[in-house]
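Okay, structure first, notes after.
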Amino acid sequence: MTRHDKTTHNHSDHQDDASMAHSKDMDHMNHHMDHADDHMMDHSMHMGNLKQKFFVSLILAIPIIIFSPMMGLDLPFQITFPGSDWVVLVLATALFFYGGMPFLKGAKMELSMKNPAMMTLISLGISVAYLYSLYAFIMNTFFHDTHVMDFFWELATLIVIMLLGHWIEMNAISNAGNALEKMAALLPKTAKLVGDDGSTSEVQLSDVTVGQKLLVQAGEKIPTDGKIVEGNSSVNEAMVTGESKEVEKNTGDDVIGGSVNGNGTLTITVTGTGKSGYLSQVMALVSKAQQDKSSVETLSDKVAKWLFYVALVVGILAFVIWLSLTGDIGIALERMVTVLIIACPHALGLAIPLVTAKSTSLGAKNGLLIKNRQAIEVARQVDVVMMDKTGTLTEGNFAVNEIISYSNENGYNKQKILAYIAALEQNSSHPLARGIMTKATEEKVDLPVATQVENIPGTGLDGTIDGHDVKIVNVSYLKDHTIDYNATDFTHLSEKGNSISYLLVDQQLIGLIAQGDQIKSGAKRMITALKAQGIKPVMLTGDNEAVANLVASELGIDDVHASLKPEDKETIIKHYKSEGKTVMMVGDGVNDAPSLVRADIGVAIGAGTDVANDSADIILVKSDPADILHFLTLAKNTQRKMIQNLWWGAGYNIIAIPLAAGVLANWGIILSPAVGAILMSLSTVIVALNAMLLKMDD
């Protein structure tokens, strides 16, 4: 409906030349989806495949653990029998190539990028363990050299625990869907084509070209960008542009594909399809931001990189030195292998995943869905929090702010005005109608019977109550019919961001009802807390400047950018990032999707669109802005636990690697493989217990 007055936005600058006429929507969308799929790959491992690999590997590992010693140390439950060493060899070979393949592929990718990290360190450990154990098997079986020890036990447990760690992490943080796929779903699959003779026919959206005429009936999604050639209505562009109020559209105005038509019927001339369409351009922004967004090197990868280099250097030095001192290649090789295997402790594979799993569990219980673990590590560096207005800082729906009676002496008090308006609105699904019905329910208003209720295209509603002609209209109707009204009231209420509907009874002005968006209860406290932490709050909104400034002043936000298109929001974020700022973006609509991807951390309001949720790293399920503070606190606590666990998981290498290399051999101190295995087991237990102690708040 268009019962309120609003300056329309012109989106003609989004349309390309008519030469794009034959571009097809779905081809373009699928192209972007392919890029998005590539972006979401994590070490080439799919969640379901990883789960399967873990359980199959566990089945292969159990006999190996039972039939072979732990770094030369026989455990009470271990048994051997004639031929058991052959069973171990076969199972270990299968396990190495099956369960170890994700790590070997990941290492290949890391090395090709000249950036060895966790995958390379794990691959080094399992490859050395397998190859040296194969050598030990040959020496023991065919040359009866029992001094050469195998590491099949370590190979089996290392692969299984590393797979478990990755599965835990991927299970805790799983991608909820594809933002581009959800964005494509905003457009209907078909459109009503208007022929030269005025007849209509339903065609596939992909067959629509620039210059054709389409019929858009009340309540339907507008299929393409276009210009209105007949009819008037109001259009809900909130999902696409972020504009909180319905926008009045008349002949000659532009409309955007993906927005929702109100109660009027429109005939539009297509001005943009496929690549030239506004929504498709937003999709292109999302896709480009996904590809451009640099991947943060995680703490565990940094630790793994240094361990890889240290282990490699120390291992080679140990081999050379022991070979030169003893002249025994067997002893030198065993020292090197012990160093390389100890450098990849089992605890390191669980250090971060266990904390991540605990963190995501705590977050979920408190209304925070963490989709990207890197966001937790980046959170402590946040300098700027940029926020959309509608749906993020405000409720995003209409509530009655004011009722004014101009005919109180005739019995039309505020209660009766609300009753009459609600009687006409009760069967409408319009956002304004919902706000009115909510108010009527709260006030426990008895509704009179309204009959013959009809839509007044581009204006409001008309009906009969108690034998009187009753209308709900906008200010344009009053002007067109020269009905006097209080301009001061209109200006005062409009400047506060209200949509204003007037009640007429038998063409006499009775009163008005003003509805506007409400600031969320936790927004003010959140802004104050951010400032106290030295974080700058910034508002980015597609809404008009007057409404944006009003909300910003009430919340205490000094930096406000209004009337923004999606690309404008993204440009502002890029500007801040170019200045070295770490940016968090909070939003809820399609227009926020490119910004959520572009920001260092994207936070989606849970009550927003699927597109925003799929573009974000974090989702605030309860749609409470105060949960931004809870996330920052949880992130800080999680980061602290991650660092602690990395010290427990890898820190003992500061002592273990030099001892394994034999730096204290002159004093008779050499770390045996068995003692190394015990230390690794202890660090794994400590890591697990420490992760469980993570708390939501300080």
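Residues: numbered from 1 along the sequence shown. Just so you know, these numbers come straight off a predicted model, no measurement behind them.
A salt bridge is defined here as a Lys NZ or Arg NE, NH1 or NH2 lying under 4.0 Å from an Asp or Glu carboxylate O, and K371 with D617 fails to meet this definition.
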* Should D388 and L540 be marked as a side-chain contact (heavy atoms from CB on, under 4.5 Å) after you check the CA-CA gap, both sets of side-chain angles, and the distance that decides it? -> CA-CA 5 Å; D388 178 43; L540 306 180; over 6 Å; no

* Please lay out, stage by stage, how K577 and D600 fare under the test side-chain contact (heavy atoms from CB on, under 4.5 Å). => CA-CA 8 Å; K577 290 180 69 175; D600 296 291; 3.5 Å; yes

* When you look at V385 and M585, which way does the side-chain contact (heavy atoms from CB on, under 4.5 Å) test go after all the steps? -> CA-CA 6 Å; V385 175; M585 172 66 190; over 6 Å; no

* **Candidate pair T190 and Q204, rule side-chain hydrogen bond (donor to acceptor under 3.5 Å, both in side chains), full reasoning** => CA-CA 4 Å; T190 61; Q204 292 297 311; over 6 Å; no

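A 4.5 Å side-chain heavy-atom check between L550 and V547 finds every atom pair outside the cut-off. Side-chain contact check for T541 versus H561: every heavy-atom pair is 4.5 Å or farther apart. With contacts defined as side-chain heavy-atom distances shorter than 4.5 Å, the pair I573/R598 qualifies. Contact of the M526 side chain with the L393 side chain is registered, since non-hydrogen atoms from C-beta on lie closer than 4.5 Å. A 4.5 Å side-chain heavy-atom check between I601 and V382 finds at least one atom pair inside the cut-off. Contact annotation: the side chain of I500 approaches that of S494 to within less than 4.5 Å [non-hydrogen atoms, C-beta and beyond]. Between L418 and I513 the shortest side-chain heavy-atom distance falls below 4.5 Å.
A 6.0 Å sphere centred on CD of E545 holds no more than 12 heavy atoms belonging to other residues, nucleotides or ligands. Residue E230 places its CD atom among 12 or fewer non-hydrogen atoms of other residues, nucleotides or ligands, all under 6.0 Å distant.
D225 and T271 are not linked by any side-chain donor-acceptor pair at a separation below 3.5 angstrom, with hydrogens and angles left out of the test. One side chain, Q518 or N401, offers a donor N or O that lies under 3.5 Å from an acceptor on the other. Using a 3.5 Å distance cut-off with no hydrogens or angles, the side chains of Q217 and T265 do not pair a donor with an acceptor. A side-chain N or O of H630 and one of D627 form a donor-acceptor pair less than 3.5 Å apart.
The structure places CG of L530 at 10.5 Å from CZ of R525, a figure rounded to the nearest 0.5 Å. Summarising the geometry, atom OG1 belonging to T394 is positioned 8.0 Å from atom CD1 belonging to I519; distances are rounded to the nearest 0.5 Å.
Results of the side-chain contact (heavy atoms from CB on, under 4.5 Å) test with D558 over K536, K531, M539 single out K531 as the only residue that passes. Remark: of the listed residues I557, L555, V551, V551 is the sole one forming a side-chain contact (heavy atoms from CB on, under 4.5 Å) with K389.
Ring planes of F490 and Y502: parallel class, angle under 30° (limits at 30 and 60°).
Across all non-hydrogen atoms, the minimal contact from D588 to T392 is N-OG1, 4.0 Å.
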